[in-house]
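Below you'll find the structure, written out as structure tokens, and then a few comments.
All chains are named by letter (A, B, ...) in the order of the sequence lines, taking the proteins before the strands, and each is independently numbered beginning at 1.
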There are 2 protein chains.
Amino acid sequence: MNSKEKILIQAKTLFAERGFADVSMRGLAKTVNMSAAALYHHFPDKNTLYLETVQYAFADKALLFSEIWKIDSSAEKKLGLFVDSLIQVLISDSEFHRLIQRELLDGNTERMKILAEDVFQQQFYFLLVLMKEIAPERDAHSLAISVSSLCMRHIEMQSLCRFLPDWKQEHENPEVIAKHIISLLLNGLKGDT
Amino acid sequence: MNSKEKILIQAKTLFAERGFADVSMRGLAKTVNMSAAALYHHFPDKNTLYLETVQYAFADKALLFSEIWKIDSSAEKKLGLFVDSLIQVLISDSEFHRLIQRELLDGNTERMKILAEDVFQQQFYFLLVLMKEIAPERDAHSLAISVSSLCMRHIEMQSLCRFLPDWKQEHENPEVIAKHIISLLLNGLKGDT
DNA sequence: GTCTATATGGCGATAGAC
DNA sequence: GTCTATCGCCATATAGAC
């Protein structure tokens with residue numbers, strides 16, 4: 001593995017965990033056993049390093065769900081698989097998840113465009129098709145946002161939920177979360193569980 | 001208004017906008033026309049200042065919805081009012097909203113407890129009661145999380161959604177968002193709009 | 001491609017006058 | 001309660017040797 005890739009891997013970890021302002025070039029250099037000066041051979045400045053780190057972290061995510069859309073099954077079943085997969089990806093690559101959260105919070109327009117086009121767009125498109133099939137009389141865009149919102153936030157709220165009434169251990173089980181979301185989407189509050 | 005309050009107001013703005021690490025005592029001092037040293041008369045260190053700022057920003061939010069729960073109306077109607085109010089609060093006090101996002105991302109256990117007990121707990125309790133009334137056979141805790149997740153994330157995703165397929169201007173209208181969420185909750189994907 | 005050394009400046013926090 | 005001055009440290013970034 002070349003140096004640049006080694007740097008990007010560690011940068012992803014550090015930026016995800018502590019954010020842009022709280023990561024120093026010195027600190028990053030230490031984790032890859034380099035001097036800080038050496039980083040500047042690979043990246044012109046800290047800002048560019050961050051941008052490239054984000055793009056690196058997002059690079060392979062666009063294709064992650066492609067098998068789901070090809071499956072010959074009902075739209076509801078596909079939606080279930082998508083929710084399962086999204087939750088699994090967010091949990092298994094929590095650095096990726098945290099970088100998305102940070103980008104959403106920052107709201108930089110240029111990087112929003114990158115996030116939209118490089119990460120979300122393809123899956124979002126298929127999700128739109130699915131929504132139009134399941135609920136043709138509704139607003140597909142809003143529904144697709146709702147699906148991803150539910151998956152992401154249910155995970156992000158875990159550290160808070162422990163301190164809220166009626167919390168149970170099982171609420172942190174990914175499969176329980178997924179099942180809840182699917183059921184809510186398909187049936188609404190009043191449907192069967 | 002005394003100096004301490006003036007400091008807290010500006011600190012809320014700065015911490016919400018740029019995060020703990022990216023706010024300097026010098027910079028904060030400038031916005032309140034003070035020397036940095038003077039800040040240390042009111043707060044022992046930057047960490048304590050941040051903690052007090054968060055508590056200050058959260059202080060009056062707990063009671064914001066109390067009228068809703070008293071209204072003599074159907075549970076569905078109350079849920080609608082809650083969603084409307086939550087979205088309105090998040091939009092009208094975006095600094096408050098951003099501080100919550102930052103706290104959720106940080107995940108500090110001590111401060112999660114503060115956030116849960118000082119901000120969420122009371123509304124969450126009433127929301128639980130509402131959920132048990134509307135959907136007695138379902139998991140009320142998960143449903144209450146879903147309600148707040150939908151409200152918060154739909155707003156947080158706005159800067160991203162502009163770059164996603166099928167986006168329309170009206171998707172940023174708070175009333176449109178609220179109506180969508182209510183309809184999704186009450187009817188699920190397949191219900192009427 | 002990586003190093004050491006360094007320029008330049010901002011940071012949190014404190015001392016002590018008023 | 002606020003100031004100026006300062007300590008000691010760490011930051012980004014660059015220069016130049018190897």
- request: State whether the side chain of A/Ser92 and the backbone N or O of A/Gln88 hold a donor-acceptor pair below 3.5 Å, judged by distance alone.
  value: yes

Side-chain polar contacts of residues 15-33 of chain A - donor-acceptor pairs under 3.5 angstrom, sequence neighbours left out - could you list them?
unit_1, atom_1, unit_2, atom_2, d
A/Arg18, NH2, A/Asp22, O, 3.3
A/Ser24, OG, A/Gly27, N, 2.8
A/Thr31, OG1, A/Leu28, O, 2.7

- prompt: What parts of residues 29-37 of chain B reach DNA chain D, counting only heavy atoms under 4.0 Å away?
  reply: B/Asn33, B/Met34, B/Ser35, B/Ala37

- request: Would you please name every residue forming a side-chain hydrogen bond (donor to acceptor under 3.5 Å, both in side chains) with B/Asp106, sequence neighbours left out?
  value: B/Arg111

message: Counting only heavy atoms and a strict 4.0 angstrom limit, can you tell me which residues of residues 4-27 of chain A come near DNA chain C?
response: none

query: Can you pull the salt bridge (charged side-chain N to carboxylate O under 4.0 Å, His left out) pairs that have at least one residue in residues 115-124 of chain B, sequence neighbours excluded?
result: none

Kindly list each side-chain donor-acceptor pair under 3.5 angstrom involving residues 147-165 of chain A, sequence neighbours excluded, with atom names and distances?
unit_1, atom_1, unit_2, atom_2, d
A/Ser148, OG, A/Ala144, O, 3.4
A/Ser148, OG, A/Ile145, O, 3.1
A/Ser149, OG, A/Ile145, O, 2.7
A/Arg153, NH1, A/Glu156, OE1, 2.5
A/Arg153, NH1, B/Glu156, OE1, 3.3
A/Arg153, NH2, B/Glu156, OE1, 3.0
A/Arg153, NH2, B/Glu156, OE2, 2.4
A/His154, NE2, B/Ser146, OG, 2.7
A/Glu156, OE1, B/Arg153, NH1, 3.4
A/Glu156, OE1, B/Arg153, NH2, 2.9
A/Glu156, OE2, A/His97, NE2, 2.8
A/Glu156, OE2, B/Arg153, NH2, 2.4
A/Arg162, NE, A/Glu172, OE2, 3.1
A/Arg162, NH2, A/Glu172, OE1, 3.3

Non-neighbouring partners of A/Arg102 that pass side-chain hydrogen bond (donor to acceptor under 3.5 Å, both in side chains), sequence neighbours left out: none

- prompt: Excluding sequence neighbours, so at least two apart, what forms salt bridge (charged side-chain N to carboxylate O under 4.0 Å, His left out) with B/Lys168?
  reply: A/Asp139

Interface residues of residues 42-53 of chain A with DNA chain C (non-hydrogen, below 4.0 angstrom): A/His42

field: Outermost DNA chain D nucleotides near chain A [under 4.0 Å, heavy atoms]
entry: D/dA11 to D/dA15

- prompt: Considering residues at least two apart in sequence or located in another chain, which fulfil the salt bridge (charged side-chain N to carboxylate O under 4.0 Å, His left out) criterion with A/Lys78?
  reply: none

task: Rounded to the nearest angstrom, tell me the gap between atom OH in A/Tyr40 and atom P in C/dT4.
output: 16 Å

query: With under 30° as parallel and over 60° as perpendicular, where do the rings of A/Phe124 and A/His141 fit, or are they tilted in between?
result: perpendicular

query: side chain to side chain contact (heavy atoms under 4.5 Å, CB included) between A/Ile114 and A/Leu51: does it pass, once the steps are laid out?
result: CA-CA 10 Å; A/Ile114 293 173; A/Leu51 187 65; 3.9 Å; yes

- request: Scan for salt bridge (charged side-chain N to carboxylate O under 4.0 Å, His left out) pairs involving residues 49-67 of chain B, sequence neighbours excluded, and state none if there are none.
  value: B/Lys4-B/Glu52, B/Lys61-B/Asp93

- prompt: Less than 4.5 Å apart, any side-chain heavy atom of A/Asp166 and any of B/Lys132?
  reply: yes

